[in-house]
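Notes for the one structure printed next.
Keep in mind the model is a prediction, meaning the values are calculated, not measured.
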Amino acid sequence: MKKISLVLFLTTFSLFGQNDAKTCEILSKINALIQREHINPKPVDDSLSVFVFDRFIDELDPSRNVFLKSEYDILSQKYRLNIDNFIKDRDCTFLTAISSVYKKDILRNKAILEKIDKETIDYHLKDTIRFYKKAFPIYLQDNQAEKVWRKKIRYEILDAIVQVSKNLDSIKTNFNTLALHSKSTIIQNELCRINSILQNESGLQESLYNHFCSYFDPHTAYFSDDSKSSFVASLSKEHLSLGLNVSLNEKSEIIVAELDPNGPAFLTGKIKKGDQIISISNLKETLLVSCTSLESISNMILSEANKNIVLTLRRNSGKSFEVLVEKQVIKDEENTVYSFIVEKEIKIGYIKIPSFYSDFEGNGGKGCAQDVAKEIIKLQKDKIEGLVIDLVDNGGGSMEEAIKLAGMFIDNGPISVVIDNKKVQATIEDPYKGMIYKDPIVILINGNSASASEFFASVLQDYHRALLIGSTTLGKATMQTIVPLAENDTENFVKVTVNKFYRITGKSHQSLGVFPNIALPEIYETIFPKENDFPTAFKNDSITTFFKFTTYAKSNLIEKVVENSRLRIVNNDYFNAIKSINKRIEDLVNQPKKAIPLTLDMVFEEQNKVTDLWEDINSFDSGSIDLNVYNSNLNKFLLAIHPSEKTNNQFQLNALKTNHYLNEAITIIEDFNALK
């Protein structure tokens, strides 16, 4: 069963009913704000036109089965080099023109699908299909549209069938029944998706604003009031929530996987674990789950503006029923700092920081730096002799919290250099005198550790205050702030990049990432997207600094600890097995895709390559260690007072018992103490 993390995607779009004058007015204000506030504003010229136009086309027609080549050529000739001029002239009718062509083409596709649905598909017809990893040119001819869709539907049916069983003979025996069912499901979902697009009347505006913003850098983005409130909520440990988690079952249906006993969904008394979610409504718009993207569903669920949600559910394939759920402010356990004690030869404290959350709305909530300080005090009462800080998959958050946290672990001195759009350098100093913790620290990082995580980790690395282990981080060394388009505008905002930050050495990890002192392999690390994968990401550079600062450990001691760890890793079966799996993943992803015959046998063979690898990853045994992990005495006391938190606590604890990265981190601290 695949668990879904409902996250906010900021580039969703809708298609029809544009108000071109208002669109251009907002675009003009966005441009003025970016030119005024952005760290590195660019001129609005032909380069912007090409960037925005190409991303529109990729977004509307990613599979190249919508626009005809003749239509694309006309649109390209008119707009690809001229969008900048249209925007300057306050003429955004190009949106209506693109939208009209798109609407006509998806109506054509709808008619083709309805025709295919009524006819019999010939699965013995000789044909081939090719897959592309990146966007490819528009090629579709008018007389090819039906053939392309027949091939697409035929492949999707075969692909769905081969996932039913690993026994090809069994599939062939039941082929007709399986094919009939799959065909109906696939075509109806396609039609449902098209109908959802046609019924959406909000226009392409928000998509255009985001493409315009991302031309300047990948992290500058447009926010409506709705998306802004959802973004801010995602960086808080407390937010409006339904109090439930969902999963995908083997039929790719969304079902209720968990219910928070203190949450509003559970308190309705009508929703049970295992219920299938059919549709979701915010009382203004209804989304059918079967034909709506997870992005759209997550937008509706996460939006702070949608305080009331109507869920249409089905239980045990019975009749569907509706439940109105009013969101409540709930502590997000998965976005809250927590700690444990891990004991081998010595006691080590472990602290997980899922994100650098903060009280952005000023509601009296606490930030992650203060929460970390509380956990350290708890751990010190149990006399720990080292600390492991886990930043794996921590995508960042509040830079203010990262600065506070870094200051807690060094006595005094500079932390970073920040440069604004006037190229003025400012030094960030340690906000606190003294240290909350003085013993050895190891920080766990990976390719998803980003932004504020990288900032914090790099400060402690430069001061030799901590050893970093894991894989190279994302590579984002910029800071953003959310600004309204106008002083009294409460509906339109821009998250704009206003600063670049540099390490006290003058170096930057922008586009490169923070390199660990000790590299540990991690599954999927070779295919994690990185900052330098974005075409508009800032390049790496450095500045000259003249800081004098005292490091907390001698270089020769660090070198000995690092070398000892490397020798252990080279001979570690677990990490060597991960390297082998990563090689298989990399080969599968990076190998040029050849055209394959569109037959059941070949689709079965290709699908099994992926299935076998996926099964090996899922069945990968990490249980060769059993660490002694337990709660601090203070946390045991708090769990007795709040028993509802015991389930989540036990889940976190069990996951750590077989964590090989934690095991190596502890051994590093033991080694460091012994050598010191």
Side-chain angles (χ1 to χ4, degrees), residues 349 351 353 356 358 367-373 375-377 380 386-389 391 394 396-420 423-445 449 451-469 473 476-479 499-510 512-517 540-559 561-562 668-669 672-673 676:
I351 295 180
I353 308 177
F356 283 83
S358 185
C368 83
Q370 184 171 330
D371 288 347
V372 169
E375 297 305 315
I376 289 175
I377 292 169
Q380 285 180 315
L387 182 65
V388 177
I389 299 176
L391 298 180
N394 182 325
S398 166
M399 284 298 299
E400 183 180 353
E401 293 295 324
I403 292 167
K404 289 179 183 177
L405 195 60
M408 292 180 186
F409 292 103
I410 62 171
D411 193 6
N412 62 76
I415 289 178
S416 177
V417 179
V418 175
I419 294 181
D420 63 17
K423 311 307 176 189
V424 175
Q425 293 188 17
T427 302
I428 299 176
E429 295 283 348
D430 178 0
Y432 307 115
K433 296 297 181 184
M435 295 187 288
I436 192 172
Y437 185 77
K438 297 182 178 181
D439 287 330
I441 300 172
V442 170
I443 298 177
L444 304 179
I445 56 174
S449 304
S451 193
S453 290
E454 297 174 281
F455 177 93
F456 169 73
S458 65
V459 172
L460 269 62
Q461 186 181 50
D462 287 340
Y463 271 94
H464 291 184
R465 187 64 191 88
L467 276 179
L468 276 51
I469 71 172
T473 60
K476 177 180 179 290
T478 58
M479 289 187 277
N499 295 108
K500 294 168 68 177
F501 58 84
Y502 295 81
R503 299 168 74 146
I504 51 177
T505 60
K507 295 180 180 179
S508 169
H509 59 260
Q510 172 63 31
L512 299 178
V514 177
F515 298 104
N517 298 92
N540 182 265
D541 63 348
S542 59
I543 59 174
T544 301
T545 60
F546 301 97
F547 295 123
K548 292 183 179 180
F549 59 95
T550 303
T551 56
Y552 291 88
K554 295 180 179 179
S555 296
N556 62 341
L557 175 58
I558 290 175
E559 288 170 5
V561 172
V562 168
I668 288 169
I669 292 175
F672 190 92
N673 284 338
K676 187 174 66 172

_I'd like to know if the side chain of Asp439 and the backbone of Gly386 have a donor-acceptor N/O pair within less than 3.5 Å._
no
_Restricting to side-chain contact (heavy atoms from CB on, under 4.5 Å), what partner residues turn up for Ala553, sequence neighbours left out?_
His464, Ile558, Phe672
*Partners of Ile543 by side-chain contact (heavy atoms from CB on, under 4.5 Å), sequence neighbours excluded?*
Val417, Ile419, Gln425, Tyr502, Thr545
*Return the set of residues passing side-chain hydrogen bond (donor to acceptor under 3.5 Å, both in side chains) with Ser416 (not counting sequence neighbours), or none when no residue passes.*
none
*How would you list all residue pairs meeting side-chain hydrogen bond (donor to acceptor under 3.5 Å, both in side chains) that involve residues 546-559, not counting sequence neighbours?*
none
*Qualifying residues under ring-ring contact (aromatic ring centres under 6.0 Å, His included), relative to Phe549, sequence neighbours excluded*: Tyr463
*With Thr427 via side-chain contact (heavy atoms from CB on, under 4.5 Å) - residues at least two apart*: Pro414, Glu429, Phe547
*Name all residues meeting the ring-ring contact (aromatic ring centres under 6.0 Å, His included) criterion together with Phe455; count only those two or more places apart in sequence or in a different chain, and write none if there are none.*
Phe501
*Under 4.5 Å between any side-chain heavy atoms of Ile415 and Pro431, yes or no?*
yes
*Considering residues at least two apart in sequence or located in another chain, which fulfil the salt bridge (charged side-chain N to carboxylate O under 4.0 Å, His left out) criterion with Asp462?*
Arg503
*Can you check side chain to side chain contact (heavy atoms under 4.5 Å, CB included) on Met408 and Tyr432, steps first, answer last?*
CA-CA 7 Å; Met408 292 180 186; Tyr432 307 115; 4.1 Å; yes
*According to the salt bridge (Lys or Arg N to Asp or Glu O under 4.0 Å) rule, which pairs have a member within residues 399-411, sequence neighbours left out?*
Glu400-Lys404, Glu401-Lys404
*How far apart are the closest heavy atoms of Leu460 and Ile441, and which atoms are they?*
CD2-CD1, 4.4 Å
_Minimal non-hydrogen separation, Asn394 against Ile353, with atom names_ = ND2-O, 2.7 Å
*What closest approach, in Å, do Ile436 and Gln380 show between heavy atoms, and which atom pair accounts for it?*
O-NE2, 3.4 Å
*Shortest non-hydrogen contact from Ser398 toward Ala452*: O-CB, 4.0 Å
_Minimum heavy-atom separation for Ala457 and Leu391, please, with both atom names._
CB-CD1, 4.3 Å
*Can you list the residues that meet the side-chain contact (heavy atoms from CB on, under 4.5 Å) rule with Asn673, with sequence neighbours excluded?*
Ile346, Glu385, Pro440, Ile669, Lys676
_Please enumerate all residues that pass side-chain hydrogen bond (donor to acceptor under 3.5 Å, both in side chains) together with Ser451, with sequence neighbours excluded._
Lys476
*Residues two or more places apart in sequence or in another chain: which of them pass salt bridge (charged side-chain N to carboxylate O under 4.0 Å, His left out) with Asp541?*
Lys500
*Do you know the tightest heavy-atom contact between Phe409 and Leu405?*
CD1-O, 3.1 Å
*Ignoring hydrogens and angles, tell me if any N or O in the side chain of Asn540 forms a donor-acceptor pair with the backbone of Gln510 under 3.5 Å.*
yes
*Hey, does the side chain of Gln461 reach the backbone of Phe515 with a donor-acceptor pair shorter than 3.5 angstrom?*
yes
_Sub-4.5 Å side-chain heavy-atom contact between Leu444 and Ile469_ = yes
